[in-house]
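Written out below as structure tokens is the structure these notes cover.
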Amino acid sequence: MSASSPAWTIVAGREHDRIVLLEVTSDGTELRRRTARRDELPAVIRAVEARAQAGHRWVWNDTPRWYPALLNAGVDVARCHDLRLCHAILRSSALVSDPADLRGATAWTAAAGDDSADDALFALEERAGVPDDPAEVRAEFARQQAAVQAATDPDRLRLLLAAESAGALIAAELHAAGLPWDSAVHDRLLTDVLGDRPSGGGLPSLLQARADEVRRALGDPQASLDSQPKLLRSLHRAGVAARSTSRWELAEFDHPVIAPLLAYKKLMRLLSANGWAWLAEWAPHGRFRPVYVPGGVVTGRWASSGGGALQLPRQLRPAVRADPGWVLVVADVAQLEPRVLAAMSRDIALADAARGTDLYEGIVAGGVVSTRQEAKIAVLGAMYGATTGDSGRLVPALRRAYPRAMSLVDDAARVGEDGGIVSTWLGRSSPPPSSAWQALQARASDADAVSGDDTAARRAARDRGRFTRNFVVQGTAAEWALAWLADLRGRLAALPAIEGEPAATRSGPLFSRRAHLAFFLHDEIIVHAPAAQAEAVAAAVRASAERATTLLFGGFPLDFPLDLRIADDAGKG
DNA sequence: AGTGCCTGCGCG
DNA sequence: AAAGCGCGCAGGCACT
């Protein structure tokens, strides 16, 4: 390592009309300070990136503040440290021994909780509240480094911060590249299911036909089908004594209105959530560009804002189509969360059950329950804290067969019920209980508590227990997925760009000639790749999954098998 | 007209 | 109406 090469380059913020960049060694020595006009930034960053040593990171206050403009200019970076996201992790991590300095830096806290700037239209704008002053940015980075160095387990935290920051880069890149979307396929699907698109303000023909059928069965030509209270009253008049209009409830009744009404609701849902209006707004030019929000969920999962990226119905998958000459590599992890639970609890018995490709069949083969369906609801019940019904009934069998795994989630639940903090494998910690929650518990344990207080407090405690029970598993699964994604991103960047003119330029200046991530959904990814690189990408996807497993869980004998296919569209399988 | 809550349903 | 976690969004509706 050359003494003059920076380990970090801090994009420290704005001073007058110029952006301040500080090159810093790993021990904090400042090597060089320079400034650039905003329009010069892509070229400056490209130049620094080109001569950076391995492991160099960009440090900046907020990835959406800087990175989209770089991507638009055709510049990407290998690594970054996102101060806003890392602050949010460190200030509440139980691994940080003395978070006082970080918690005192309230400007970063306010910014971390502010989602008003996550709107697609403002993604390029400055996010309200994120400090932009070079001295403050530098100080916050120093606070974070000190917190990590003094932490109980610095290596885990470093891995978590690196993964979280890589996620910030990937989220911006996913938006820039977009998911290839065939609007003709989407339109055909809508027309097939809903009927011809109305020219005026009316409903598509098949949807209208269903509505007519429902009103006939109700004997009420004026019945309102889209207002829950009105529909409920119409149903009551027709002799259907439902208490709600949800699908599960309606299915219990035997009445001629039920079938057409359920059909109507299904079609109406497609029209309002992902109909022609959605297509025009969110996938207008052959790409669906949702706004991803890394760290948007308490557990560390990503959220999304706009377009409903994380709720894309299976029904619409056929509209995800590769460009000509390109393919999609679609991969998801089978039973990610129970595998994560087995690994983090070091439960060899559960790891043995996961040995094949289907963990649930493995549980059946071990004689714990008798069918795959039972295994599935038992495992979900264990992770979610089910106490009643089929699921709750099966959990004790799991507790006998996999005591280590079950202790981990049972302990997490107990800590939560007691008002404590739990943490993921890499050290993301749950938020403390709200003051209202604490007040409720305090009131109930008071000597002269009213009788209602006690049951309310017990219920709130159990609710929180189910939350912390699930937090450790869902959060660690999110960490595995981030590690997978981050490693894969590096492997894809190392593949050669295609020669000649790109088949399409809709993925932006960087990704129109390079294999790139196009979609991410908790435990599933889609890579858009030149057809000639399909096998290389598939190998990279698998290798990254193995790397993520090793990074998190070392040599624990458990793998995370992928369901992987190479196809022109994402609708099969 | 803007807001915030409720219901219901899509995803993992 | 899910029993049992985490989300976002549309539409209706009550409120300001």
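Only heavy atoms go into these numbers, but all of them, side chains included; no hydrogens, no water, no symmetry mates. Chain identifiers are assigned alphabetically (A, B, ...) following the order of the sequence lines, protein sequences preceding nucleic acid strands; residue numbering begins at 1 within each chain.
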Margin query: Work out how far the C1' atom of dA3(C) is from that of dG4(B), and round it to whole angstrom.
Written below: 29 Å
Check: In whole angstrom, what separates R464(A)'s CZ from dC5(C)'s P?
Finding: 14 Å
Item checked: Flag for T63(A)-D82(A): side-chain donor and acceptor within less than 3.5 Å -> yes
Notebook entry, point to check: Is R289(A) paired with E173(A) through a side-chain N to carboxylate O contact shorter than 4.0 Å?
Noted result: no
Item checked: Distance, rounded to the nearest Å, where R459(A) contributes CZ and dG4(C) contributes P -> 12 Å
Note to self: Do W181(A) and R321(A) make a side-chain contact, defined as non-hydrogen atoms from C-beta onward lying under 4.5 Å apart?
What the structure shows: no
Margin query: Categorize E249(A) for me: base, sugar-phosphate, or nothing, with a 4.0 angstrom heavy-atom threshold over every strand shown.
Written below: base
Next item on the list: Ignoring hydrogens and angles, state whether a donor on the side chain of Y264(A) or D226(A) is under 3.5 Å from an acceptor on the partner side chain.
Entry: yes
Next item on the list: Please state the C1' separation for the pair dG4(C) and dG12(B) - nearest whole angstrom.
Entry: 15 Å
Note to self: Angle between ring planes, F553(A) versus W425(A), binned at 30° and 60°: parallel, tilted or perpendicular?
What the structure shows: tilted
Checklist line | Any donor-acceptor N/O pair under 3.5 Å between dG12(C) base and Q228(A) side chain | finding: no
Checklist line | E374(A) side chain to S370(A) side chain, donor-acceptor N/O pair below 3.5 angstrom | finding: yes
Notebook entry, point to check: Rounded to the Å, how far apart are Y264(A) OH and dG11(C) P?
Noted result: 11 Å
Next item on the list: May I have the distance from L270(A) (atom CG) to dG11(C) (atom C1'), rounded to whole angstrom?
Entry: 16 Å
Notebook entry, point to check: Can you check whether T245(A) reaches L231(A) side chain to side chain, under 4.5 Å on heavy atoms?
Noted result: yes
Margin query: Within the structure provided, determine whether S345(A) and Y402(A) are in side-chain contact (heavy-atom separation under 4.5 Å).
Written below: no
Checklist line | Nearest-neighbour nucleotide for the R269(A) side chain, dA1(C), dC9(C), dG4(C) considered | finding: dC9(C)
Check: Are D410(A) and R469(A) close enough for a salt bridge, meaning some N to O gap below 4.0 Å?
Finding: yes
Margin query: One thing to verify: whether E337(A) and R301(A) come together as a salt bridge, which I'm taking to mean a side-chain N less than 4.0 angstrom from a carboxylate O.
Written below: yes
Item checked: C1' atoms of dC6(B) and dA1(C), separation to the nearest Å -> 16 Å
Notebook entry, point to check: Parallel, tilted or perpendicular for F520(A) and H522(A), by the 30°/60° rule?
Noted result: perpendicular
Notebook entry, point to check: Taking atom P of dC5(C) as reference, at what distance in whole Å does atom CD of E417(A) sit?
Noted result: 13 Å
Next item on the list: Extract, from 5' to 3' on DNA chain B, the first and final nucleotides lying under 4.0 angstrom from some heavy atom of chain A.
Entry: dT7(B) to dG12(B)
Checklist line | Sugar-phosphate only, base, or nothing, as touched by V473(A) at under 4.0 Å among non-hydrogen atoms | finding: nothing
Margin query: Looking at dG4(C), I'd like to know if its phosphate oxygens (OP1 or OP2) sit under 4.0 Å from a side-chain N or O belonging to T388(A).
Written below: yes
Check: Over how many whole Å does the gap from L521(A) atom CG to dG8(C) atom P extend?
Finding: 13 Å
Notebook entry, point to check: Does a salt bridge link E417(A) with R464(A), judged by any charged N lying under 4.0 Å from a carboxylate O?
Noted result: no
Item checked: Rounded distance in Å - CD (E252(A)) to C1' (dA3(C)) -> 13 Å
Item checked: Separation of dG6(C) P from R428(A) CZ (nearest whole Å) -> 15 Å
Check: Between dG12(C), dA10(C), dA1(C), which one does the side chain of R243(A) approach most closely?
Finding: dA1(C)
Margin query: If you assign each of W278(A) and R301(A) to its closest nucleotide in DNA chain C, which residue comes earlier from the 5' end?
Written below: R301(A)
Note to self: Applying a 4.0 Å non-hydrogen cut-off, can you work out what R469(A) is touching in the nucleic acid: base, sugar-phosphate, or nothing?
What the structure shows: nothing
Check: Counting side-chain heavy atoms from CB outward, which of dG11(C), dC7(C), dC5(C) is closest to V297(A)?
Finding: dC7(C)
Next item on the list: Indicate whether OP1 or OP2 belonging to dA3(C) is found under 4.0 Å from a side-chain N or O atom of T387(A).
Entry: no
Item checked: Selection: residues 395-411 of chain A, any non-hydrogen atom under 4.0 Å of DNA chain B -> none
Check: If a stem is a run of at least 3 consecutive Watson-Crick or G-U pairs, both distances under 3.5 Å, which stems include DNA chain C?
Finding: B:1-12 with C:5-16
Check: S244(A) or L271(A): which one's nearest nucleotide on DNA chain C is closer to the 5' end?
Finding: S244(A)
Next item on the list: May I ask you to say what L380(A) touches in the nucleic acid, namely base, sugar-phosphate or nothing, with a heavy-atom cut-off under 4.0 Å?
Entry: nothing
Notebook entry, point to check: Base, sugar-phosphate alone, or nothing: which one does R466(A) contact when heavy atoms must sit under 4.0 Å apart?
Noted result: sugar-phosphate
Next item on the list: Indicate whether OP1 or OP2 belonging to dG11(C) is found under 4.0 Å from a side-chain N or O atom of S227(A).
Entry: no
Margin query: So that I can tick it off, tell me whether R237(A) and D220(A) are bridged by a salt bridge, with the cut-off set at under 4.0 angstrom between side-chain N and carboxylate O.
Written below: yes
Notebook entry, point to check: Does any donor atom in the side chain of R91(A) or T109(A) lie under 3.5 Å from an acceptor atom in the other side chain?
Noted result: yes
